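Structure first, commentary second.
Since the structure is predicted, the reported quantities are computational estimates derived from the model, not experimental observations.
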Amino acid sequence: KGTVSDGNRLRSALVVTEVALSVMLLAGAGLLLRSFQKLHQENLGFTTERVVTAYTQYALGEGRTRPIRTAFYRDLLERVRALPGVVAASGASVLPLGREQNAPADFFIEGKPAGRPGERPQALSLSVSTDYFKTLNVPFRRGRDFSDADTADTARVIVVNESLARAAFPGESAVSRRISTNANGPWMEIVGVVADTRWRNPSVTPQREYFNASGQGIGGSLTILARTSVDEDSVARALRALLQETDPTVPVRIETMEDMFGAALAYPRLRTQV
């Protein structure tokens with residue numbers, strides 16, 4: 001009897017343990033599923049629908065200077081905007097949704113103490129062409145967008161996001177204020193403030209960012225962004241053909257923003273499935 005009783009107790013203990021483990025696994029799976037659903041529904045602050053991207057690499061050297069590269073992208077974007085079905089087009093120096101990363105760096109505010117190393121404000125920066133915010137439907141809160149008048153011969157101008165504006169100028173307007181990456185300048189004038197976006201990663205809260213005008217010769221090669229009202233595949237083919245015609249030595253990789261968003265969720269999706 002004692003042996004039977006001990007066996008029953010052991011079986012009961014095993015059943016309780018199995019039930020407890022099952023409940024823990026179900027609870028964990030449920031939390032992961034809810035987390036993934038929330039991430040998938042996260043408001044990025046910019047549109048991914050019907051946006052075709054063309055990653056390019058315009059190498060300098062052998063007569064190819066920065067001004068020539070700037071002119072190349074300016075002319076290329078004019079031709080992209082003329083393609084049938086293209087609603088708006090622009091360029092950005094950094095690919096979205098984690099494809100490329102650059103680290104935040106210190107910045108200095110004109111008229112304010114520089115602060116000690118390690119305690120200075122930091123921000124991410126990227127260079128964009130005119131119509132960047134229009135192409136991705138990022139709303140302006142104050143000020144203006146870049147224009148063709150912002151060239152290498154004019155004073156440096158930038159657009160900042162709301163996170164940077166709030167942190168650097170609490171309770172004040174950031175427009176017309178100036179910041180720099182060096183305590184003694186040269187200073188960059190803020191001409192506009194835009195809404196925050198989760199451009200870098202959908203799971204990370206918006207960070208402080210400022211945008212340089214690529215037309216002023218700031219930044220490197222651009223990824224072309226084209227928002228379309230027609231089939232994305234047809235625009236992708238036209239975009240590839242246009243780049244080949246313009247300069248066949250410039251490599252290009254074409255994707256849609258929806259594809260990029262899906263790739264950014266690949267690991268969370270795999271974790272949830274497991």
Side-chain angles (χ1 to χ4, degrees), residues 38-53 77 81 86-105 107 109 121-147 150 156-179 181 188-216 218-219 222-229 256-258 260-262 264-265:
K38 182 180 178 183
L39 190 61
H40 193 272
Q41 296 166 357
E42 193 69 63
N43 180 14
L44 299 175
F46 63 93
T47 186
T48 60
E49 296 179 357
R50 292 187 176 274
V51 178
V52 179
T53 72
L77 283 168
R81 292 174 185 129
V86 172
V87 177
S90 183
S93 62
V94 177
L95 281 170
L97 300 170
R99 290 300 179 89
E100 294 179 323
Q101 296 291 341
N102 56 348
F107 69 90
I109 304 168
Q122 293 191 324
L124 293 162
S125 90
L126 65 153
S127 298
V128 300
S129 72
T130 56
D131 288 348
Y132 167 79
F133 306 103
K134 174 185 175 182
T135 302
L136 295 180
N137 286 327
V138 179
F140 267 80
R141 302 305 191 201
R142 297 176 184 271
R144 69 170 178 88
D145 196 354
F146 299 127
S147 74
D150 299 316
R156 281 279 303 277
V157 293
I158 57 172
V159 170
V160 303
N161 69 351
E162 288 181 294
S163 289
L164 189 150
R166 282 194 301 267
F169 311 101
E172 306 175 52
S173 172
V175 176
S176 298
R177 302 296 296 271
R178 300 201 299 176
I179 67 172
T181 55
M188 305 175 290
E189 181 182 354
I190 299 170
V191 296
V193 179
V194 293
D196 287 339
T197 65
R198 295 174 185 262
W199 173 259
R200 308 287 172 156
N201 191 316
S203 65
V204 177
T205 56
Q207 299 172 275
R208 301 169 191 168
E209 290 182 311
Y210 65 90
F211 304 85
N212 304 287
S214 65
Q216 294 192 302
I218 311 301
L222 298 179
T223 294
I224 306 302
L225 310 166
R227 183 159 54 88
T228 172
S229 61
T256 67
M257 287 286 281
E258 290 286 0
M260 288 187 174
F261 185 46
L265 297 180

TODO: Quick one: closest heavy-atom pair of E189 and S176, and the distance?
DONE: OE2-CA, 3.8 Å
Task: Non-hydrogen side-chain atoms of E209 and S125 separated by less than 4.5 Å - done: no
Open item on the list: To the nearest 0.5 Å, what is the distance between CG on L77 and CG on D131?
Closed with: 8.5 Å
Task: Non-hydrogen side-chain atoms of F169 and I109 separated by less than 4.5 Å - done: yes
- [ ] Calculate, to the nearest 0.5 Å, the distance between atoms CD and OG1 belonging to E258 and T47 respectively.
- [x] 7.5 Å
Open item on the list: So does G91 get a backbone contact from the side chain of S129, meaning a donor-acceptor N/O pair under 3.5 Å?
Closed with: yes
TODO: State, to 0.1 Å, how close A195 and R141 come at their nearest heavy-atom pair, and which atoms those are.
DONE: CB-NH2, 3.5 Å
Open item on the list: Restricting to side-chain contact (heavy atoms from CB on, under 4.5 Å), what partner residues turn up for V138, sequence neighbours left out?
Closed with: F46, F133, L136, V194, T197
Open item on the list: Please check this pair: side chain of T53 against backbone of L225, looking for a donor-acceptor N/O pair closer than 3.5 Å.
Closed with: no
TODO: Would you confirm whether S127, through its side chain, and I218, through its main-chain N or O, come within 3.5 Å as a donor-acceptor pair?
DONE: yes
TODO: Return yes when atom CZ of R166 has more than 12 non-hydrogen atoms of other residues, nucleotides or ligands closer than 6.0 Å, and no otherwise.
DONE: yes
Open item on the list: Checking N212 now: which residues fulfil side-chain hydrogen bond (donor to acceptor under 3.5 Å, both in side chains) with it, not counting sequence neighbours?
Closed with: R156
Task: For the student: nearest non-hydrogen atoms of T135 and R227, plus distance - done: O-NE, 2.7 Å
- [ ] Please work out which of the three classes, parallel, tilted or perpendicular, describes the rings of F211 and Y132, given edges at 30° and 60°.
- [x] tilted
Task: Heavy-atom check, side chain of Y210 versus side chain of M188, under 4.5 Å - done: yes
Open item on the list: Suppose we screen for side-chain hydrogen bond (donor to acceptor under 3.5 Å, both in side chains). Which residues come up paired with E49, at least two apart in sequence or across chains?
Closed with: none
- [ ] Please report the closest heavy-atom contact between R142 and S173, naming both atoms and the distance.
- [x] CD-OG, 4.0 Å
Open item on the list: So, taking the atom named CG in L222 and the one named CG in L126, what distance separates them when rounded to the nearest 0.5 Å?
Closed with: 10.0 Å
Open item on the list: Side chains of V193 and E162, heavy atoms from C-beta outward: is any pair under 4.5 Å?
Closed with: yes
Task: N/O donor-acceptor pair under 3.5 Å between D196 side chain and N161 backbone - done: no
- [ ] List the atom of L124, the atom of Q207, and the distance in Å for their closest heavy-atom pair.
- [x] CD1-OE1, 3.4 Å
- [ ] Flag the pair V128 / V159 as yes when at least one side-chain heavy-atom distance between them is below 4.5 Å, and no otherwise.
- [x] no
Open item on the list: What I'd like to find out is whether the side chain of M260 reaches to under 4.5 Å of the side chain of T48, using heavy atoms alone.
Closed with: no
Task: Min side-chain heavy-atom separation D145-T130 under 4.5 Å - done: no
- [ ] Compare every heavy atom of A165 with every heavy atom of V160, then report the nearest pair and how far apart it is.
- [x] CG2-CB, 4.2 Å
Open item on the list: When you compare the side chain of R144 with that of V157, does any pair of heavy atoms fall below 4.5 Å?
Closed with: yes
